[in-house]
Amino acid sequence: MQMTKRNSRQGKFKGDALRLAEGPHLAGYVIQHSDAYRLLLIDGALMRFTPTEYALLLRLLQHSERHLSFALLEQCLFLRSLNCNPRSALVRHMRRIRPKLWPFGLDILSITGYGYMLHATRPELATVQALETVNLLA
């Protein structure tokens, strides 16, 4: 029996299930991720990232509360042009990631002349800050 294109596509997607890996571990947070879909779940909240943002964020999460140099983080960049300055591309990506993390009490700190570091505040304080942010936006 020959499968049509439609049936073969349906079969492919029907068998595909979202598989989430546990971690990276960060005290006070439940974090899961899917490399295939570049998804991150923090305490049950789903976030999707571009390939570069996802690679950078995983690197930061794996080394949470440790300083990471520009050189180490620049390895995560998928540069489209050879004329692109890696440092400015890194700054631009960090600027896009930060607001996605703030409701969870996570922030990316810039270390002048060296690199970046992921900083976590207490999760219960983050919940209060997230509610205040939502109330301010409403």
Side-chain angles (χ1 to χ4, degrees):
M1 179 169 155
Q2 186 177 13
M3 295 181 83
T4 65
K5 282 187 176 183
R6 180 180 170 143
N7 289 341
S8 66
R9 274 193 229 131
Q10 286 176 345
K12 179 183 176 195
F13 292 122
K14 187 186 279 185
D16 286 349
L18 178 62
R19 294 191 181 122
L20 297 171
E22 293 291 326
H25 299 287
L26 187 60
Y29 296 89
V30 176
I31 298 176
Q32 297 173 307
H33 69 278
S34 168
D35 292 338
Y37 295 100
R38 295 180 317 274
L39 297 174
L40 188 72
L41 268 76
I42 299 178
D43 296 336
L46 181 67
M47 293 179 288
R48 186 175 185 114
F49 296 93
T50 66
T52 300
E53 290 171 352
Y54 184 76
L56 286 168
L57 187 54
L58 276 186
R59 177 77 48 100
L60 286 165
L61 283 166
Q62 290 166 347
H63 302 282
S64 63
E65 300 294 336
R66 290 187 16 213
H67 305 91
L68 296 176
S69 69
F70 289 125
L72 185 64
L73 291 168
E74 286 171 358
Q75 294 172 2
C76 297
L77 296 177
F78 299 104
L79 298 175
R80 294 183 185 164
S81 167
L82 295 176
N83 297 331
C84 184
N85 180 347
R87 186 73 48 94
S88 65
L90 187 60
V91 169
R92 187 173 53 253
H93 286 293
M94 292 300 182
R95 191 178 320 131
R96 290 179 186 152
I97 297 171
R98 278 187 177 114
K100 295 177 183 180
L101 299 177
W102 289 337
F104 303 99
L106 298 171
D107 197 6
I108 299 171
L109 304 178
S110 176
I111 303 164
T112 306
Y114 182 75
Y116 291 96
M117 130 181 200
L118 182 71
H119 176 69
T121 59
R122 295 189 327 262
E124 57 276 0
L125 180 60
T127 306
V128 171
Q129 289 173 343
L131 290 174
E132 289 174 355
T133 303
V134 170
N135 289 335
L136 290 174
L137 295 176

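Count residues from 1 along the sequence.
Side chain of Arg59 to main chain of Leu72: a donor-acceptor pair is present (N/O by atom type, distance under 3.5 Å, no hydrogens or angles). Looking at Tyr29, its side chain does come within 3.5 Å of a backbone N or O of Phe104 through a donor-acceptor pair.
Neither Leu109 nor Met94 shares a network with the other; the hydrophobic side chains, linked directly or stepwise wherever heavy atoms of I, L, V, M, F, W or Y lie under 4.5 Å apart, form separate groups for each. Clustering ILVMFWY residues whenever any of their side-chain heavy atoms sit less than 4.5 angstrom apart, transitively, puts Met117 in a cluster other than the one holding Leu106. No single ILVMFWY cluster, assembled from side-chain heavy atoms under 4.5 Å apart, contains both Val30 and Leu58.
Rounding to the nearest 0.5 angstrom, the gap separating the NE2 atom in His119 from the OG atom in Ser64 is 11.0 Å. Between Leu118 atom CG and Asp107 atom CG the span is 8.0 Å, to the nearest 0.5 Å. Once rounded to the nearest 0.5 Å, the distance linking CD of Glu22 with NE2 of His33 reads 9.5 Å. Atom CG of Asp35 is separated from atom CG of Leu20 by 10.5 Å, given to the nearest 0.5 angstrom. Distance CD/Gln75 to CG/Leu90: 11.5 Å, rounded to 0.5 Å. For the atom pair CZ of Arg87 and CG of Leu73, the computed distance is 10.0 Å after rounding to the nearest 0.5 Å.
Under the 30°/60° scheme for interplanar angles, the aromatic rings of Tyr114 and His67 are found to stand perpendicular. Note: Tyr116 and Phe70 have perpendicular aromatic rings, judged against thresholds of 30 and 60 degrees for the angle between ring planes.
For residues 44-58, every residue pair satisfying the salt bridge (charged side-chain N to carboxylate O under 4.0 Å, His left out) rule, not counting sequence neighbours, is listed here: Glu53-Lys100.
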- Message: Applying side-chain contact (heavy atoms from CB on, under 4.5 Å) to Ile97 and Leu60, what does each step give before you reach the verdict?
- Response: CA-CA 11 Å; Ile97 297 171; Leu60 286 165; 5.7 Å; no
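Between Leu77 and Pro86 the shortest heavy-atom distance is CD1-O, 3.4 Å.
For His25, there are no side chain to side chain contact (heavy atoms under 4.5 Å, CB included) partners, not counting sequence neighbours.
With a 4.5 Å cut-off on side-chain heavy atoms, Ile42 and Leu26 do not count as touching.
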